Amino acid sequence: MGLFVKKPLHSLLAEAEESEKGLKKTLTSWSLVALGIGAIIGAGLFSITGMAAANYAGPAIMISFVVAALGCAFAGLCYAEFASMIPVAGSAYTYSYATMGEFIAWIIGWDLVLEYAVGAATVASSWSGYLSKLFATFGVSLPQYLMMTPFDTAADGTHGLLNLPAVFIVVLMSLVLIKGTSESALVNTIIVVLKVGIVLTFIFVGFKYVRPENLQPLIPENQGEFGKFGWSGIIRAAAVVFFAYIGFDAVSTAAQETKNPKKAMPIGIMGSLLICTALYIVFAYVMVGVAHYTEFGQGSSSDHLAPVATAIDHMGIADASGKIQPAYPWLNNTIIIAILLGYASVILVMLLGQSRVFYSMSSDGLLPKFFSVVHSKYRTPARSNLFFMVFVSLFAAFVPGRVVGEMTSIGTLFAFILVCIGVIILRKSNPDAPRAFKTPLVPLVPVLGVIVCFGMMAFLPFDTWIRLIVWMLIGMDVYLFFGLKHSILNKGKHDSRSYRTVSNTGIVMAVILAIVACAHHFTSNVPDTGLFYFSLGFGLLHLVLFLTNRSKKAQTV
C-alpha cells in the first residue's frame, strides 16, 4: 500500500484477454503507418501553424516541425514499449498505474485531462474561424463579437464577447458522445483520405504560387525578446506546433491487434512520423511561400486560426491595384468544408478520450463516483460527458485560441516526459516483464526524449507554464482531499507518509509558481499585472494549505 502501489499486470492482461474475444491480430506495419498518418494530420496543422510562423519563427517554421518531430520520435519509441508490455487500448494513465504507481498515474491522468480539454477547445476555436471564412464567401458576415473571446479585438476595434460557434460544436459533439454514436471504419477511412487529400491538394496547387521573396530571410532576426524570431523563436514555435503531432500515440494503442508488434510498432510509429513530418515541412513551405508570414498575424483572432484560408487567398495573380485575385476561389470553399468536417471528428475523439480518462480515474476511486456512472440507456459515461461539455465550452468561449493551443502543447510534452521516465524506471523495477518491443538504447533514447521535450517546454512562454502549474496544483488539491481517502486500490488507507509526500510536492509546486510568476512579470515587455498577482495569491494560498496539512499529518505519526 502507499502512493506508489501498482495495478497488477496479470489482472490487466486478464481483462484485456476477456475484452478482446473475437478480435484478430490483423494489423500490419503498413496498416499502422496509415493509422498514424490519419491520427497525426489534424487540427494542429490547419490552425496554429500560421500563428506560430507569424509570432515566433517566420519561414523557419519548417525547421520547427523537424524539432517537434524529434521529440515525438523519442517519446514514440517509449510508448511502443508500454503498448507491447500492456497491450490494452488505454492511455498513459493506465500504463503508469500499472508500472509507476498511483501517485504518478494521478499526475499523468490529471495532465491528460488538461491536454484533451484545451486541445478540444483549440480545435473548436479554429473551427469557428473557418466557419466564419465559409460564411464570408457566401456574403454572410457573422457578428464579430460572437466569434471572439473577451480577450480578443478585431482589426476594426470590435471587442469580443464569446466564441459562440466554438461552443456550438463542443455541445453538438458532446451530445453525440452521450448518445453513444460511434464512427464506423468506413467513416474513419473517409476522414483519413480527406485529411491527406487536403494537404496534398494545398501543396500541389500552391507550389507554383510560392514567391521566393516571402521566404527571405529564412530565419528572421530576433526582435530583442526571447522567443520572438531567431533561433529561440524556432524552438518556441516547435513547442507550439507540437500540437500538430498529437495523436501519434494512437498507434501504440493498437498493439493487441497487430500481427508482429515487435517489428510493426516501431515501423508504424516512426514511419507515420517520418511521412507526416515530410508533408508538414512541404505544407509549411507552401504556406509561408505564397503569403508573407506577417499576413497570418493580421485580421481578427478567427483569421489567425484559419491560415489555410489566408494562404489560398494569396494563390493568384495581382491585379493593377496590387491586390491578389485568387485563382481558385472554389478551392477555398471545398477545403474549408472538408476541414470543418475533419475538425468535428477531431473534437469528438478528444472529448471521447477526455471523458474516458476521467471515467477510469473515477472507477479507481480517485475522483467522485459521479463521473463513472454509466447511462442506463446509452451505456456511456453521460455525466462525465456533460461535465466536460460545460468545461470545454467555457474554455472555447472565453479563452483565446493561442493560449489554449500552447496549454495543449505543454500538457502533452509533460505527459511524454513522464512516459520516457517511466521506461527507465520499468527497466530497473521490472526487467523480466515480457515485452514484445523494447525501446532501443535505454536509457539514451528516453533521456533524449526528456531533454528534447523539456527543451521545447522551456521555450514556451512563462504564462503557459503558470497555467500548467496552476492546473497541477488544483490536481494536488483534489488528490490530497479526495483521491487519497477514496482510492480503491489502497482501500482509503494511505498513511501519514503519503499525505506528507503529496503536501511536499504541492509546496514545491507553489514555490515554483511564485518564481515563474516573478520571472514572467519582470521580464515581459508588457507585464500582465492581473496574472502576476493572481499567481502570487494562488501560490501563497496553497503554500499555507499544504504546510498546514503537512504539520497536521506529522502530529498524527
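Not measured: the values here are computed from a predicted model.
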side-chain contact (heavy atoms from CB on, under 4.5 Å), that's the test. Do V241 and Y280 meet it? Break it down for me. CA-CA 10 Å; V241 300; Y280 281 9; over 6 Å; no

Determine whether more than 12 heavy atoms belonging to other residues, nucleotides or ligands lie under 6.0 Å from atom CD of E221. no

Under 4.5 Å between any side-chain heavy atoms of W127 and P165, yes or no? yes

Which heavy-atom pair separates Y130 from I336 by the least distance, and what is that distance? O-CG2, 3.4 Å

Close side-chain approach of M457 and F414, heavy atoms under 4.5 Å: yes

Verdict with supporting geometry, D463 and D528, side-chain contact (heavy atoms from CB on, under 4.5 Å): CA-CA 9 Å; D463 60 341; D528 189 335; over 6 Å; no

Distance in Å, S535 OG paired with H520 NE2, rounded so as to fall on 0.5 Å steps: 8.0 Å

Distance-only, no hydrogens or angles: does the T201 side chain make a donor-acceptor pair with backbone N or O of G197 under 3.5 Å? yes

Can you check whether G230's main-chain N or O pairs, donor with acceptor, with N222's side chain at less than 3.5 Å? no

To the nearest 0.5 angstrom, please state how far the CD1 atom of I169 sits from the CG atom of N163. 12.0 Å

Has the side chain of H292 got a donor or acceptor atom that lies under 3.5 Å from a matching backbone atom of V288? no

Gap between atom OG1 of T412 and atom CD1 of I417 - 0.5 Å precision: 11.0 Å

Distance, nearest 0.5 Å, that separates NZ of K228 from OH of Y56: 7.0 Å

Where do C72 and F242 come nearest, in terms of heavy atoms and distance? SG-CE1, 3.5 Å

To the nearest 0.5 angstrom, please state how far the CE atom of M287 sits from the CD1 atom of I61. 6.5 Å

Donor-acceptor pair, side chain of R211 and main chain of G289, under 3.5 angstrom: no

Around F168, counting heavy atoms of other residues, nucleotides and ligands shown, do more than 12 lie under 6.0 Å from its CZ? no

For C453 and F416 the tightest heavy-atom approach is SG-CB, 4.1 Å

What I'd like to find out is whether the side chain of I424 reaches to under 4.5 Å of the side chain of V447, using heavy atoms alone. yes

Heavy-atom side-chain proximity of I347 to V392 below 4.5 angstrom: no

I'd like to check L531 versus I466 (side-chain heavy atoms, cut-off strictly below 4.5 Å). Are they in contact? yes

How close do A121 and F395 get, heavy atom to heavy atom, and via which atoms? CB-CB, 3.7 Å

Are F229 and Y293 close enough that their ring centers fall under 6.0 Å? yes

A side-chain contact here means heavy atoms from C-beta on lying under 4.5 Å apart; do V171 and S393 qualify? yes

Would you check if M270 and L77 make a side-chain contact, meaning some heavy-atom pair closer than 4.5 Å? yes

Evaluate L200 against V196 for side-chain contact (heavy atoms from CB on, under 4.5 Å), listing each step before the verdict. CA-CA 6 Å; L200 293 176; V196 176; 3.8 Å; yes

State, to 0.1 Å, how close S64 and A237 come at their nearest heavy-atom pair, and which atoms those are. OG-CB, 3.4 Å

Does any part of the side chain of I451, heavy atoms only, come nearer than 4.5 Å to the side chain of F74, both counted from C-beta? no

Counting distance only, does the side-chain N/O of S272 pair as donor-acceptor with the main-chain N or O of I269 below 3.5 Å? yes

Once the angle between the rings of F454 and W465 is folded into 0 to 90°, is it parallel (under 30°), tilted (30 to 60°) or perpendicular (over 60°)? perpendicular

Would you call the rings of F207 and Y285 parallel, tilted or perpendicular, taking 30° and 60° as the class edges? tilted

T439: partners by side-chain hydrogen bond (donor to acceptor under 3.5 Å, both in side chains), with sequence neighbours left out: E81

What pair of heavy atoms forms the shortest contact from I281 to V66, and how long is it? CD1-CG2, 3.5 Å

Let me confirm one number: the CG-CG distance from L215 to L218, rounded to the nearest 0.5 Å. 7.5 Å

Evaluate the criterion side-chain contact (heavy atoms from CB on, under 4.5 Å) for residue pair T529 and H521; output intermediate values, then yes/no. CA-CA 7 Å; T529 306; H521 184 72; 4.1 Å; yes

